[in-house]
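Below: the structure, in C-alpha cells.
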Amino acid sequence: MRTREPPLINGWIPFIGKALTFRKDAFKFLISQQRKFGDVFTVHIAGRYVTFIMDPFQYVYVIRNSKQLEFYEFADKMASRTFGYPSLSNFPNLNENLHRIYQYLQGKPLDIISDHMMKNLQHIFEWKCSQATDWKTEKMYKFCSFLMFEASFITLYGRDPAADGHNVISEIRDKFTKFDANFPYLAANIPIELLGVTKKVRKELIHHFLLQNMAKWMGGSEVIQARKDTLEKYELLQDYDKAAHHFAFLWASVGNTIPATFWAMYYLLRHPEALAVVRDEIDHLLQSTGQKKGPGYSIHLTREQLDNLVYLESALNESLRMCSASMNIRISQEDYILKLEGNQEVSLRKGDWIALYPQILHMDPEVYEDPEVYKFDRYVENGKKKTTFYKGGRKLKYFLMPFGSGISMCPGRFFAMNEMKLFLILFLAHFDIELVEKKPVGLDNSRMGLGILLPDSDIAFCYKIRSF
Ligand code: HEM
C-alpha cells in the first residue's frame, strides 16, 4: 500500500473481491466498513478499486474536481453496454451535443412539457374516472406504472393519432417492464446473452424508435425533436444505433420516475395525517385559483404555483429520501492526490473509482431524526421550504441527493418533480383513496447504487370518484 492510500478491503475470492457482499446489501456493508475503517476506505469490487467517501462534508471535494475525477467515460461505457449503442467516444462531440439538449428540460421548454404532461395525465385520469363511480381496486405499482409511462411517453415522444396509438404504447410499456427487470444485471456487466429474453426484448424495443416509426408519433416534445435532429447529423451512426439512443432516454425518463411515484403515493396512503394535509393544500390552491375539481373540469397550474406547494414537495422529498439509493461515481484520470477537508489527503491511482453513496446520508440519524420513519413535513419549516440540515452542529451543503451531483446530476430533475406533483394533484383532486392491504412494503435492494429502489411487492388499494 502506498502512503495515504485508504485502507483496502479485499474479499477472499480473487477478482470478485467484495462484489457479492456489496450486491447483497450495499447500505449495510458500507455502514459496517465505516465503523471499522472510518470515513474513507477502498473496496475491491469485481476487479475494480472503489474508494468510498462517506463523510458528507467531504462530498464537495469530489464533486468540484470534475477535471481529475471524470464521469462521462464511466457513464458512456455503462449506457452503451446496457442500451446497445456504440460508445459515444467514437463520434466527435456527440456527448457534448447531446448534453446541450438538456436545456430543453429547463426554463420555458420545461413549462411547455409540464403543461403537456398535465393535459395527458388529465386525459388518462378522466378515463379512470369513468370506471370508478364505485370503489375500484387495483395494484398500486401497476397503476403508477400505467399512468406515468403512458403520460410521460405521450408528452415526450408524442403518439400515433391512428386508432392503435394507445395499443402501441401499451406494447412498448410491457416490453419496457421486461427489460427493466433485468436492467440491474446489465448495469452490473452481466452479458445480455445470459439474460434470457432480454436481448430479444431490447431489440424489439429499439425497433419502435426507428425513425420511420417515430415519424408517426405526433405532438412530441422539443427535447426529443432536438435529439432526433442531433443524431441525424451523425452519418456514421446506424439507424438502429440512433433508435437505441432514443430508447436509452426513455429509460432515463421513466425508469426512476415510476418507482418514485409509487413510493410517494404509498407513503401518503399509509399516513392519513400526511394525506389530509397535502390534500388540503391542493384543494386550497385550486380554490384560490378558482379552479373546480372533479371529472370534466380541467386544471391548469403554473410553475410558481407548483413550486409553492410546500407540503406536497416535502412529502415527495421525504419519500425520495427513503427510497433512493444512487451511487455517484467518478474515475480518477491520473495518479492523483485528492485533498479533503482538514488536511486529509487520499492517494488515488489512475483508473480508480471514487464513490459517494448518499443513501448513507439520507439515513443518517445525526442528520434526520428517526431516519426510518416517514415524516411528510420534514422539509417544511415555519410554513416554508426547509433547506437547512445539520450534522454534528454543522450545516450541510448536501442533504438530499436523489438526482445525483455535479456533472452527473440528472438533467430531468425539474420535470420529474413536476410530473410527480401533477400525478398526485390530479389523483387527490379526483379520487377518494384507501389502502386495501395493510401489509408494509419493503425495498427491493437489487438496484442499490442505481437509482430509485423498487418495492419488494405490489399492494392493493382502492379509489372512487370524490364526492363534493
Ligand atoms: C424521480 C425521478 C428521477 C430520478 C430519481 C433520477 C435520477 C437520476 C440520477 C441519479 C442520474 C445520474 C446517474 C449517474 O450518476 O450515473 C440521472 C441521470 C439522467 N436522468 Fe434522471 N432521474 C429521474 C427522472 C428523470 C427524467 C424525468 C428524465 C428526463 C425527462 C431524466 C433524464 C436523465 C438523463 C438523460 C440522465 C443522464 C444524464 C447524462 O447524460 O449525464 N431523469 N437521473
Side-chain angles (χ1 to χ4, degrees), residues 59 62-63 66 69-83 85 88 94-106 109-110 112-114 116-117 144 148-149 151-157 183 187 220-224 226-227 230 245-265 313 316-317 319-331 353-359 362 398 400-424 447-454:
Y59 282 8
V62 175
I63 293 167
S66 57
L69 305 179
E70 219 267 348
F71 165 73
Y72 294 127
E73 195 189 316
F74 156 77
D76 182 28
K77 271 195 191 134
M78 178 171 141
S80 55
R81 187 178 67 230
T82 305
F83 299 106
Y85 56 73
L88 292 173
L94 180 54
N95 188 30
E96 293 77 1
N97 289 336
L98 288 176
H99 271 78
R100 214 163 290 136
I101 294 170
Y102 296 151
Q103 62 179 293
Y104 290 110
L105 293 167
Q106 294 182 15
L110 172 67
I112 296 171
I113 49 170
S114 300
H116 285 175
M117 183 72 190
C144 294
M148 289 307 265
F149 190 95
S152 307
F153 190 96
I154 299 173
T155 303
L156 291 169
Y157 294 88
F183 168 78
S221 61
E222 277 182 280
V223 63
I224 297 300
R227 283 175 67 84
T230 299
H245 275 285
H246 291 302
F247 164 56
F249 192 83
L250 172 75
W251 189 90
S253 61
V254 290
N256 284 311
T257 316
I258 291 172
T261 307
F262 166 86
W263 288 115
M265 184 170 159
E313 185 162 311
L316 268 174
N317 280 339
S319 52
L320 284 171
R321 178 185 72 78
M322 294 184 72
C323 70
S324 80
S326 62
M327 178 150 77
N328 299 197
I329 301 230
R330 302 289 186 268
I331 300 189
W353 288 22
I354 296 89
L356 310 180
Y357 206 87
Q359 196 190 14
H362 295 166
Y398 299 100
L400 184 64
M401 301 168 70
F403 295 108
S405 60
I407 45 164
S408 67
M409 196 153 189
C410 172
R413 60 195 181 279
F414 306 113
F415 182 51
M417 287 301 282
N418 284 355
E419 284 186 291
M420 294 187 287
K421 283 183 187 172
L422 295 172
F423 172 93
L424 290 171
R447 259 165 220 244
M448 273 203 169
L450 294 172
I452 302 295
L453 301 177
L454 266 51

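Both ligands and their constituent atoms are indexed starting at 1 by order of listing.
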Look at the rings of F153 and F149 and say which category their plane angle falls in: under 30° parallel, 30 to 60° tilted, over 60° perpendicular.
parallel

How many angstroms lie between atom CZ of F415 and atom CG of N418, to the nearest 0.5 angstrom?
8.0 Å

Evaluate the side chain to side chain donor-acceptor pair (under 3.5 Å) criterion for residues E419 and S152: first the C-alpha distance (whole Å), next the side-chain angles of each, then the deciding distance (0.1 Å), finally the verdict.
CA-CA 8 Å; E419 284 186 291; S152 307; 2.7 Å; yes

Between the protein and ligand 1, which nitrogen or oxygen pairs come in under 3.5 Å, and how far apart is each?
residue  : atom   : partner : partner atom : Å
ligand 1 : 40 (O) : H99     : NE2          : 3.2
ligand 1 : 40 (O) : Y102    : OH           : 2.8
ligand 1 : 41 (O) : H99     : NE2          : 3.2
ligand 1 : 42 (N) : A252    : O            : 3.3

Look up atom CG in N256 and atom CZ in R413, then write down how far apart they are to the nearest 0.5 Å.
14.0 Å

Does W353 have any side chain to side chain donor-acceptor pair (under 3.5 Å) partners at least two apart in sequence or in another chain, and if so, which?
none

Do the ring planes of F83 and W251 sit parallel (below 30°), tilted (30 to 60°) or perpendicular (above 60°)?
tilted

